[in-house]
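In what follows, chains carry the letters A, B, and so on, assigned in the order in which the sequence lines appear, proteins first and then strands, with residues in each chain numbered from 1.
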There are 2 protein chains.
Amino acid sequence: MYRRRDTRREQLVAEITNNLRRYAVDAQQVGHAFANLHGLNPTDLQALIAVMDAELLGDPITPGRLGEQLNLSSGSVTALIDRLERAGHIRRDRDTVDRRKVLLHYADQGAALAMQFFQPLGARTDTVMARFGEDELEVVHRFMAEMSESLRGHRDAVRAARPESPRRPTG
Amino acid sequence: MYRRRDTRREQLVAEITNNLRRYAVDAQQVGHAFANLHGLNPTDLQALIAVMDAELLGDPITPGRLGEQLNLSSGSVTALIDRLERAGHIRRDRDTVDRRKVLLHYADQGAALAMQFFQPLGARTDTVMARFGEDELEVVHRFMAEMSESLRGHRDAVRAARPESPRRPTG
DNA sequence: CTGGATAATCTCGGCTATCAAGATACTCGG
DNA sequence: CCGAGTATCTTGATAGCCGAGATTATCCAG
């Protein structure tokens, strides 16, 4: 996080790292603040976005997969979906093929909220990007794609790790 | 979030936006997973990082300012600091000038944990950056700096908004 | 010294997450 | 068709975190 900056290159690496970290922290706080503003909690917002994401890709998410994405237990996911459904943000549908499964779809209220979340953010993002040439955006794109993939690998590694001193003996 | 991609430029903008969003989500999940792994919760980890950050910049943070950063009430901050202190991650010091104030310093245990958090991440980050030339990193740096600043502005705007009466006169 | 403001802590209630057990539906062998 | 085994989701009980308001200690103005 704080490293020596002997050369210009090292300085750049250090500052970019710091900016990425701050960006992540700030993004989290945006989510927190926005959720509070609308009577949700951060988990609910994350879930709502995940539901929209999956559905817009044509592959509605199930409670099980949602729990994997958010790292929640199955019981917590049920409670989470109950809250979101009660608030009118999403709705449950049984899968017609495998009726054990529940497919989650966003409702109008949820879509409106997600739009409200992304639009102002997108506007700011576009404003910044307008100050960059297409060739520059190519570089940024390559960078972000690789960085994003790298972070996902890191996340999976951390998740795969097991606690050093478990509360309960292995059993 | 999902926009048309008529031109190459619009495609780039769309994909970069998606990557930024995914990066933020994944970063949050890394924090979540890492915190779980070490018996903390995400807030604790955020606080620990904030404490280190402030102290390394030579300006130790107080509970009050920590609460502002994390958007927590004063009572929650006290409980948070109690947990971190009990776990040996940080310690309290009274300010000698204004003895109402408490200054937070990280303890060895906290520093070790933060290192454990950032080192593997930094290694991956460096690997990615090694694949970019110095001129390319200049572009990325400019981009991230502006994007980071823009997001901070957005965060403050969302925080400034009020839940029930968004257009409340004064106070 | 008195009164008001600021900083942190304490106490209590609500809400969320985890864990364990249960209910329903699918799969497969006989 | 029938039953055992498995997968998916839900329910109920418990623990821990967060927010709001009251309380204590300190600073500052006069």
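- Within a 6.0 Å radius of CD in A:Glu85, other residues, nucleotides and ligands contribute more than 12 heavy atoms.
- Taking A:Asp98 as the reference, A:Arg100 meet the side-chain hydrogen bond (donor to acceptor under 3.5 Å, both in side chains) condition, with sequence neighbours excluded.
- The interatomic distance linking B:Leu40 (CG) with D:dC18 (P) rounds to 12 Å, in whole Å.
- At a threshold of 4.0 Å, the pair B:Arg91-B:Asp93 counts as salt-bridged, since one of the basic side-chain nitrogens sits closer than that to a carboxylate oxygen.
- Formation of a donor-acceptor pair under 3.5 Å by the B:Thr17 side chain with backbone atoms of B:Val13 is found in this model.
- In this view, B:Arg94 satisfies the salt bridge (Lys or Arg N to Asp or Glu O under 4.0 Å) rule with no residue, not counting sequence neighbours.
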Open item on the list: So if I define the base as every atom that isn't primed, P, OP1 or OP2, how would nucleotides 25-30 of chain D read as a B/S/- string at a heavy-atom cutoff under 4.0 Å?
Closed with: BBS---
What pairs of nitrogen or oxygen atoms, one from the protein and one from nucleotides 12-14 of chain C, lie under 3.5 Å apart?
none

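- Counted within 6.0 Å of CD on B:Glu136, heavy atoms from surrounding residues, nucleotides or ligands total more than 12; the atom is thus considered enclosed.
- B:Asn36 has its CG atom 14 Å from the C1' atom of C:dC19, to the nearest Å.
- Rounded to an integer number of Å, the gap from NE2 of A:His32 to P of D:dC17 is 15 Å.
- Counting heavy atoms of neighbouring residues, nucleotides and ligands inside a 6.0 Å radius, atom CG of A:Asp135 exceeds 12 of them.
- In this structure, B:Asn41 atom CG and D:dA15 atom P are separated by 18 Å, rounded to whole Å.
- Regarding B:Asp44, its CG atom lies at a distance of 9 Å from the C1' atom of D:dC17, rounded to whole Å.
- Of the two residues near DNA chain C, A:Thr43 and B:Arg92, the one whose nearest nucleotide lies more 5' is B:Arg92.
- Rounded to the nearest 0.5 Å, atoms CG (B:Leu80) and CG (B:Leu72) are 6.5 Å apart.
- Every residue two or more places apart in sequence or in another chain that forms a side-chain hydrogen bond (donor to acceptor under 3.5 Å, both in side chains) with A:Gln29 is listed here: B:Arg155, B:Arg159.
- Using a 3.5 Å distance cut-off with no hydrogens or angles, the side chains of B:Gln109 and B:His89 do not pair a donor with an acceptor.
- Near DNA chain C, defined here as any heavy-atom distance below 4.0 Å, the residues from residues 65-86 of chain B are B:Ser74, B:Gly75, B:Thr78, listed numerically.
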